[in-house]
Q: 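This is the structure I want to talk about, given as structure tokens.
Position 1 is the first residue of the sequence, and the numbers go up from there.
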Amino acid sequence: MPITRIPGLVSDFAKGYATPKIDVRGALIEGGKVLLVREKSDGRWTLPGGFADIGRSASENVVTEIHEEAGLQVSATHLYSVRHKAKSPYDPDARDFYKLFFLCERSGEMTMKAGIETSEVGFFAPVDLPDLSRGRVLESDIRSAFAFQNGAQRFATFD
């Protein structure tokens, strides 16, 4: 894009307006267990994901995050929860953002492997979850994925 067009991309009413970030997380459930990754930053486990990149849809972002953090090819099949981090019992954060949780399915036969930001990858039963990175994911986020997959939760939850 030519540099001369950049000033016109943001309207006057939007300049400097603070907006929340978007965090995307993907739940891949296989054999009654959910895929989790261990974050290098805090040594705790979470659903793969991270802040959405510009130019990709939310579902494209979660597919990319799972590939980068766990080495797997997936497709995002359902949005099962939208949460406002500041209004939920996550660990406190100075940033304001929405969390979008997707149910995913494996779409390729790739081997799991940790990525640059992760140190381990594994599947865990909901009754045997490891120490979670509570700024990223809560037990209730994982339970909601199982409930949605099993049909006990018919529509995405929003809070």
Q: How far apart are the C-alpha atoms of C104 and I66, what are their side-chain angles, what is the distance that settles it, and do they pass the side chain to side chain contact (heavy atoms under 4.5 Å, CB included) test?
A: CA-CA 10 Å; C104 298; I66 292 173; 3.8 Å; yes
Q: When rounded to the nearest 0.5 angstrom, what is the spacing between CZ in F146 and OH in Y80?
A: 9.5 Å
Q: Report yes or no: do L47 and F124 belong to one cluster of Ile/Leu/Val/Met/Phe/Trp/Tyr joined by side chain heavy-atom distances under 4.5 Å?
A: yes
Q: Could you state the interatomic distance from CG (L129) to CG (L36), rounded to the nearest 0.5 Å?
A: 6.5 Å
Q: Quick one, E65 with R56, criterion salt bridge (Lys or Arg N to Asp or Glu O under 4.0 Å). Give me CA distance, side-chain angles, the key distance, then yes/no.
A: CA-CA 12 Å; E65 288 288 339; R56 289 190 187 121; over 6 Å; no
Q: Apply the test side chain to side chain contact (heavy atoms under 4.5 Å, CB included) to residues H78 and F148: give CA-CA distance (whole Å), side-chain angles for both, the deciding distance (0.1 Å), then the verdict.
A: CA-CA 9 Å; H78 296 89; F148 194 93; 3.4 Å; yes
Q: With a cut-off of 6.0 Å (strictly less than), are more than 12 heavy atoms of other residues, nucleotides or ligands near CD of E105?
A: no
Q: For A147, does its backbone N or O pair with a side-chain atom of N150 as donor and acceptor, under 3.5 Å?
A: no
Q: Decide whether M112 and V74 are clustered together by the hydrophobic rule: side chain heavy atoms of Ile, Leu, Val, Met, Phe, Trp, Tyr closer than 4.5 Å, transitively.
A: yes
Q: Could you check whether any side-chain heavy atom of L138 comes within less than 4.5 Å of a side-chain heavy atom of L132, counting everything from C-beta outward?
A: no
Q: Can any side-chain N or O of S81 pair as donor or acceptor with the backbone N or O of F101 at less than 3.5 Å?
A: no
Q: Just by modelled atom types, is the A114 backbone N or O under 3.5 Å from a matching donor or acceptor in the T118 side chain?
A: no
Q: Quick one: CZ on R106 to CD1 on I29, what's the gap to the nearest 0.5 Å?
A: 13.0 Å
Q: To the nearest 0.5 Å, what is the distance between CZ (R25) and CG (L103)?
A: 16.0 Å
Q: Any non-hydrogen side-chain atom of P48 less than 4.5 Å from a side-chain atom of L35?
A: yes
Q: Is a salt bridge present between E39 and R44, judged by a nitrogen-to-oxygen distance below 4.0 Å?
A: no
Q: Taking N61 for the side chain and S57 for the main chain, is one N or O donor matched with an acceptor at less than 3.5 Å?
A: yes
Q: I need the K33 NZ to L28 CG distance, nearest 0.5 Å.
A: 13.5 Å
Q: Hydrophobic clusters here meaning ILVMFWY residues chained together by side-chain heavy-atom distances under 4.5 Å, can you tell me if V63 and I22 are in one?
A: yes
Q: Taking all heavy atoms of A27 and all of A145, pick out the closest pair and write down the distance.
A: CB-CB, 3.6 Å
Q: Mind running side chain to side chain contact (heavy atoms under 4.5 Å, CB included) on E120 and W45 for me, showing each step along the way?
A: CA-CA 9 Å; E120 291 182 69; W45 295 83; 3.5 Å; yes
Q: Can you establish whether the number of heavy atoms outside K21 located under 6.0 Å from its atom NZ is more than 12?
A: no
Q: Ignoring hydrogens and angles, state whether a donor on the side chain of D23 or Y90 is under 3.5 Å from an acceptor on the partner side chain.
A: no
Q: Would a 4.5 Å heavy-atom cut-off, applied to side chains only, mark E69 and V121 as touching?
A: no
Q: Is it the case that S144 and R83 place a side-chain donor and acceptor less than 3.5 Å from each other?
A: no
Q: Of the non-hydrogen atoms in V62 and G26, which two are nearest, and what is the gap between them?
A: CG2-N, 3.3 Å
Q: Can you measure from CG (D91) to OG (S133) and round to the nearest 0.5 angstrom?
A: 7.0 Å
Q: Does a side-chain heavy-atom distance below 4.5 Å link V37 with T46?
A: yes
Q: Less than 4.5 Å apart, side chain to side chain, heavy atoms only: is that true for D53 and T64?
A: no
Q: State whether K85 and D93 are salt-bridged, where the test is any N-O pair (Lys NZ or Arg NE/NH1/NH2 against Asp/Glu carboxylate O) under 4.0 Å.
A: yes
Q: When clusters are formed by joining ILVMFWY residues with side-chain heavy atoms under 4.5 Å apart, either directly or through shared neighbours, do F51 and V82 land in the same one?
A: no
Q: Tell me, do R136 and D42 make a side-chain contact under 4.5 Å, heavy atoms counted?
A: yes
Q: Is it the case that atom NE2 in H67 sees more than 12 heavy atoms from other parts of the structure closer than 6.0 Å?
A: yes
